[in-house]
Amino acid sequence: MSDKKYVLESMIQKAAQGNVQKPNLIWLEAQGCSGNIISMMNADNPDIIFVLKNMVNMTYSNSLMFAEGQSAYDSFLKTLDTDFILVVEGAVSLRSEGRYNIIAKNGEKSVTGMEAIKAAGEKAKHVLAVGTCAYSGGISAASPNPSGSIGVGAFLKRKVINIPGCPIHPDWVIGTLAHLVLYGEPELDNEQRPIMFYGSTIHDNCTRRSYFDKKIFAKSLGDKECMFRLGCRGPITRSDCPIRKWNSYVNWPVGDNSPCIGCAHRNFPDGMEPFIN
Amino acid sequence: MYNYDTDSEISKIYKRIEEIKYIQTMSNCPYQNNFYEHMIEIEMEKVRRLNNINNYGYGVYTGGHVQAYSEQAREFTLDELSKYDGKNDRDAYVAVDGIVYDVTYNQAWAGGSHFGLIAGKDLTKQLESCHNKQDILSKLTRVGVLRL
């Protein structure tokens, strides 16, 4: 059922036939940099317009919606009473009752990211934690973590589908949404990540793997051999960057002579440092 | 060869531990209790290291096989160990519980660093709470022992 090779193509086909039930979707930007929604706008196959027209009914997004102020937040509140998918990017900031992350104003009262995530998380049909900050705190939780940030899964006591990356590749989110719309929940690993995107490590699919296997290592940046001795985190990071590649599938860090910094790993960034030895 | 008999050293340490325990039973104060507990832990650490030298001191392990060497296991001081930090084409060595391991090609130690820890050091304390510690350590290549 989880046909990983074709989930995006099947989605495009089904949309062409015109019989897709579009679920409501709330996209919350919490304690983060909004890098994930920006990456989403770089989506290519299918692109963000396709997603908004044919896959989901996005009723709230800080970056994309036309409405502002109270009418925007009202749209958020209205969606809570329906069937919806909640997408959270950015971490949940807990310090000072969440006041390090104010995302909206409801009348006279400021609304913290923490409140909004709790309110929506309790009622959502599916919750997607998009980006490493939402997955495990990420950069928002980097030492000394002044905002008291944690991942969405650790905050909400319910099942959360994690889609880590800093930022995510748009296909990972769109593919997961497509799978949700077409077939239901995708197969997840023990960190609740979709296996179709996070099933193998970067090392397993790296273009320089034969250098590693023969222990031929790059001595400095710019060399064409394996960058393991320079600190590449490919062996411990799961994602499909070598195959899918970024920015409309043109290139990826190792392909551009930079070691992988493990941005989709649970312990990014503190545990992945130093990025280059 | 080592210049003391590890077995008799270990039995001397166990005697010391019995003495400390005896004194501990006579103390009424919880702070004193903690102090003696800590003393016992220090002695137990010595026993662990001596046990490791006992088991592996006459050869160098690779994985589960003992290579029979006629010379003793290579000894490292902390200073010597610090040179093996994985940088600039040097190998990466790490000491845990008195044994020095080669982690140069271990996939989790790219560039000589592992989740904020750097090679070339004694990481016994930092790895105390490591998951699956014994499983992981038993698969690493040993290159010697740490001389304090």
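Chain letters run A, B, ... following the sequence lines, proteins first and then strands; every chain starts at 1.
In summary, the aromatic rings of His265(A) and Tyr135(A) are positioned with their centroids too far apart to meet the 6.0 Å limit.
Judged by the 6.0 Å distance and 45° axis criteria, Lys215(A) is positioned over the aromatic ring of Tyr105(B).
Proximity to chain A involves both the backbone and the side chain of Asp91(B), based on heavy atoms less than 4.5 angstrom apart. Of the two parts of Pro259(A), neither the backbone nor the side chain holds a non-hydrogen atom closer than 4.5 Å to a non-hydrogen atom of chain B.
For the options Cys232(A), Pro235(A), Gly262(A), heavy-atom pairs under 4.5 Å to chain B are most numerous at Pro235(A). Counting heavy-atom pairs closer than 4.5 Å to chain B, the top residue among Arg233(A), Glu273(A), His203(A) is Arg233(A).
Within a 6.0 Å radius of NZ in Lys133(B), other residues, nucleotides and ligands contribute more than 12 heavy atoms. For Phe35(B), the CZ atom is loosely surrounded, since the number of other residues' heavy atoms within 6.0 Å does not exceed 12.
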